[in-house]
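Here the structure comes first, spelled out in structure tokens, and everything after it is commentary.
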Amino acid sequence: MARDFVYVEELGEHVGERVTLKGWLSRKRSSGKVKFLVLRDGTGLLQCVAFVRDTSAELFERCDRIPLESSIAVAGRVRRDDRAPGGFELGIEDLRVLHEAAEFPIQPKEHGVEFLFDHRHLHLRSRTPHAILRVRSEVVRACRDFFHERRFVLIDSPVLTPAACEGTTTLFETDYFGRKAYLTQSGQLYLEPACMAFGRVYCMGPTFRAEKSKTRRHLTEFWMIEPEVAFLEFPGLLELAEEFVSYVVARALDVCREDLKVLDRDTSKLESVRPPFPRLPYDEAARLLTTPESQARMAAAGAPPFAAGNDFGAFDETLLTESADRPVMVTHWPAAIKAFYMQPDEADPSRALCVDVLAPEGYGEIIGGSERIHDHDLLLGRIREHGLPVEAFQWYLDIRKYGTVPHSGFGMGVERCVTWICGVPHLRDAIPYPRQIHRLYP
RNA sequence: UCCUGAGUAGCUCAGUCGGUAGAGCAGGUGGCUGUUAACCACCGGGUCGCAGGUUCGAGUCCUGCCUCAGGAGCCA
């Protein structure tokens, strides 16, 4: 890719040279006989300086008239200067305005949530969203690298599907040439057949839930990465999950130091994320949550009390992970409150061979996974018990008729993971254009 | 869907007892030789979410609606 300019991130190689940079005017300050223009080019910020003595009167005066966020090309000599943010600055010798911006709505000050997300297309230029989305980019790359390094094959699952995977209440419905179609909730059902063809597979894509959730942990459109492995049984699944999460966190620490610093992330909390993760059987977790102390703390926090046999609430998840320095794997949930396709535990068939991986620091569930039922008749019974239409699942049942084998997989919510790694409070910050119950714009 | 709170200048907010609209930032003009969300002075800027009601008079009190935020449930 030929170019006639350099990026801010490359300036270290050009000290003392005359270079051209292209970008946007992110800030300006002036002090009578000296003007500072801060250029932003996507790779960093650069303070460009014009002294009245060293600059033509016309250029010096013109510096003041450039509206913020105008696109500009600046030429000049690069020098080290400790007074400059970033350690380098540019002595302006020439400056061209490529496009003069209209008044930019976002200021370097506090804004409300609604205003910022109404202007998300412009908000992406700001420091915090920029840092988070760079971390997201690296997290996604790490996810793919992890599976490709282990010889997994990418099998993309369809977004438009004919039936629900898990229930019918939370699906987005759309018209498909006169028939009903639904936006996918999970690629899992399509991955299971694929792992019988390729052994180790994964998919990654957007998934959709029409839940009317209004919390910091929910989006209606979010990205999920899901591996599925033939002949993988439950203990191996747990190992895969902890190795995967550890790999992704290690990559973020390795590659995204600067971005995490911008976000003020306490990275010491991530350094300890290494296998093995603690295994916490559901019954043990339930015991911890029903102690008088725990119940008292729930009441004090205004959280609903936990009762054994139920799913965990947000406060319950925080309690279970508060003393852990890495994610906690809650296993062996009551089959009754989990999905129909989960393999029952031989030792106690009322429990499923499944796992929820809970991130520490109150970030909640980032992974849900299980060994899948591989026996045809058992699966058929479960489909009926859950009141699901057997015809719609005929293809899924087929897998159990032609050389069925034990197999396992999980799904990780990309935004949940990025939110945790970045240490930001809300899931909507971890996706470029969030889709929420009240947000479909921009 | 439920609970709680909020809606006033482009943005973030203040507005007392019901008495006729304020600040900071942004924008404009001028000043300043090293600024770091610079600073100083001056200027312009309002359908007080919408619709009713009470009142001599409503940003303020009442009713309904709308929008948003925080939380719950559900989930990744």
Side-chain angles (χ1 to χ4, degrees), chain A residues 26-38 45-55 60 64-65 67-69 81-87 89 91 102-119 122 126-127 165-167 169-170 185-188 206-226 298 301-305 310-317 337-339 355-359 363-369 410-420 425-428 430-431 436-439:
Chain A
S26 78
R27 250 164 238 189
K28 52 182 177 179
R29 301 178 282 270
S30 82
S31 186
K33 301 291 189 281
V34 59
K35 297 187 194 303
F36 302 93
L37 303 185
V38 180
L45 296 170
L46 175 64
Q47 172 165 291
C48 305
V49 189
F51 281 103
V52 67
R53 203 178 47 207
D54 306 340
T55 317
F60 188 76
D64 266 344
R65 305 197 184 286
L68 290 178
E69 292 301 328
D81 192 315
D82 290 339
R83 291 169 297 185
E89 65 178 24
E103 191 183 325
F104 199 67
I106 298 179
Q107 302 167 27
K109 57 167 285 191
E110 291 282 315
H111 290 286
V113 170
E114 186 183 14
F115 178 82
L116 286 178
F117 283 91
D118 280 346
H119 295 85
L122 303 176
S126 303
R127 258 164 85 83
C165 324
E166 299 183 16
T169 53
T170 63
Q185 254 186 337
S186 158
Q188 183 202 319
T207 52
F208 307 86
R209 308 271 167 102
E211 288 154 4
K212 294 191 173 174
S213 303
K214 218 185 93 49
T215 83
R216 65 178 66 185
R217 298 174 177 195
H218 290 88
L219 297 169
T220 55
E221 177 181 315
F222 65 97
W223 285 65
M224 195 146 67
I225 184 156
E226 297 170 275
M298 283 166 209
N310 290 346
D311 206 347
F312 302 150
F315 189 77
D316 304 327
E317 292 181 345
I337 57 168
K338 285 291 181 179
V355 58
D356 279 10
V357 179
L358 306 181
Y363 284 94
E365 183 182 353
I366 52 173
I367 281 181
F410 63 75
M412 184 184 80
V414 170
E415 291 76 18
R416 289 255 178 107
C417 183
V418 171
T419 299
W420 164 50
H426 204 298
L427 223 55
R428 67 184 164 220
I431 187 166
Q436 299 175 271
I437 180 167
H438 293 309
R439 180 160 298 282

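All values derive from a computational prediction rather than experimental measurement. Order of the sequence lines sets the chain letters (A, B, ...), proteins ahead of strands, with each chain counted from 1. When reading the values below, keep in mind they use all heavy atoms of this one structure, side chains included, and skip hydrogens, waters and symmetry mates.
At the heavy-atom level, His426(A) lies under 4.0 Å from the strands shown only through sugar-phosphate atoms. Ser30(A) comes within 4.0 angstrom of a base, heavy atoms only. Among the atoms of the strands shown, only primed sugar atoms or phosphate atoms (P, OP1, OP2) are found under 4.0 Å from some heavy atom of Ile367(A). Counting any heavy atom pair closer than 4.0 Å across all strands shown, Pro105(A) reaches no nucleic acid atom. Using a 4.0 Å heavy-atom cutoff across all strands shown, Gln47(A) reaches at least one base atom of the nucleic acid. Base engagement by Glu89(A) is indicated by at least one non-hydrogen atom pair under 4.0 Å involving a base atom. Contact annotation for Lys35(A): no contact, since no heavy-atom pair falls under 4.0 Å across all strands. Counting any heavy atom pair closer than 4.0 Å across all strands shown, Gly364(A) reaches no nucleic acid atom. Within 4.0 Å of Arg428(A), counting heavy atoms only, lie sugar-phosphate atoms of the nucleic acid but no base atom. As judged by a 4.0 angstrom heavy-atom cut-off over every strand, Ala314(A) is placed among residues touching the sugar-phosphate backbone only.
Straight-line distance from the CD atom of Glu317(A) to the C1' atom of G71(B): 15 Å, rounded to whole Å. Atom C1' of nucleotide G70(B) and atom CD of Gln436(A) are separated by 13 Å, given to the nearest angstrom. Atom P of nucleotide G10(B) and atom CG of Leu68(A) are separated by 19 Å, given to the nearest angstrom. Rounding to whole angstrom units, CD of residue Glu114(A) and P of C66(B) are separated by 16 Å. Residue Ile106(A) contributes atom CD1, which lies 14 Å from atom P of G27(B) at whole-angstrom precision. The distance between atom CG of Asp82(A) and atom C1' of U35(B), rounded to the nearest whole Å, is 15 Å. The distance between atom CG of Leu116(A) and atom P of G10(B), rounded to the nearest whole Å, is 17 Å. A straight line from CZ of Arg217(A) to P of A72(B) spans 7 Å, rounded to a whole angstrom.
Rounded to the nearest Å, the gap between the C1' atom of C42(B) and that of G59(B) is 29 Å. Rounded to whole Å, the separation between the P atoms of A37(B) and U29(B) comes to 24 Å. Spacing between U60(B) and A9(B) at atom P, rounded to whole Å, works out to 15 Å. Using atom C1' as the reference point in both C32(B) and C48(B), the two lie 39 Å apart (nearest Å). Nucleotides A6(B) and C17(B) place their P atoms 16 Å apart, quoted to the nearest Å. Taking atom C1' in both G28(B) and G7(B), the straight-line distance is 29 Å, to the nearest Å. Nucleotides G53(B) and G15(B) place their C1' atoms 24 Å apart, quoted to the nearest Å. For C39(B) and G34(B), the C1' atoms lie 13 Å apart once the distance is rounded to whole Å.
Minimum heavy-atom separation, Leu219(A) to Glu415(A): CD1-CG, 3.9 Å.
Taking CZ of Phe104(A) as the start and CG of Leu122(A) as the end, the distance is 4.5 Å to the nearest 0.5 Å. In this structure, the separation between NZ on Lys33(A) and OG on Ser30(A) is 10.5 Å, given to the nearest 0.5 Å.
The base of C75(B) is not paired with the side chain of Ser213(A) by any donor and acceptor separated by under 3.5 Å.
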Which dot-bracket string describes RNA chain B (Watson-Crick N1-N3 plus N6-O4 or O6-N4, or G-U N1-O2 and O6-N3, all under 3.5 Å; [ ] crossing; | other strand)? (((((((..((((.....[..)))).(((((.......))))).....(((((..]....))))))))))))....

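Applying the 5.5 angstrom centroid cut-off and the 30 degree plane-angle cut-off, the aromatic ring of Phe36(A) is not stacked upon the base of G34(B).
When each of Val34(A) and Ile366(A) is assigned the nucleotide of RNA chain B bearing its nearest heavy atom, the one mapping closer to the 5' terminus is Val34(A). Between Asp81(A) and His218(A), it is Asp81(A) whose nearest contact on RNA chain B lies nearer the 5' terminus.
Between the Glu226(A) side chain and the Gly187(A) main chain, a donor and an acceptor come within less than 3.5 Å of each other. Side chain of Lys28(A) to backbone of Leu68(A): no donor-acceptor contact under 3.5 angstrom is found. Using a distance-only test at 3.5 Å, with no hydrogens or angles considered, a donor-acceptor pair links the side chain of Thr207(A) to the main chain of Phe222(A).
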Take Arg439(A) and Asp118(A) through the salt bridge (charged side-chain N to carboxylate O under 4.0 Å, His left out) test and state the conclusion after the steps. CA-CA 9 Å; Arg439(A) 180 160 298 282; Asp118(A) 280 346; 3.0 Å; yes

From CA spacing to verdict: side chain to side chain contact (heavy atoms under 4.5 Å, CB included), Leu116(A), Arg428(A): CA-CA 11 Å; Leu116(A) 286 178; Arg428(A) 67 184 164 220; over 6 Å; no

Derivation of the side chain to side chain contact (heavy atoms under 4.5 Å, CB included) call for Arg217(A) and Arg416(A): CA-CA 7 Å; Arg217(A) 298 174 177 195; Arg416(A) 289 255 178 107; 3.9 Å; yes

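For Phe115(A), the ring-ring contact (aromatic ring centres under 6.0 Å, His included) partners two or more places apart in sequence, or in a different chain, are His111(A), His119(A).
Closest contact between the side chain of Ser31(A) and the listed nucleotides C32(B), C75(B), C68(B) involves C32(B). Listed nucleotides G34(B), A72(B), A76(B) differ in distance to Lys214(A); the shortest reach to its side chain belongs to A72(B). The side chain of Arg416(A) has A76(B) as its nearest neighbour among C32(B), A26(B), A76(B). Closest to the Glu211(A) side chain, of the nucleotides C68(B), G70(B), C74(B), is C74(B).
Taking side-chain N and O atoms only, His111(A) has no distance below 4.0 Å to OP1 or OP2 of C11(B).
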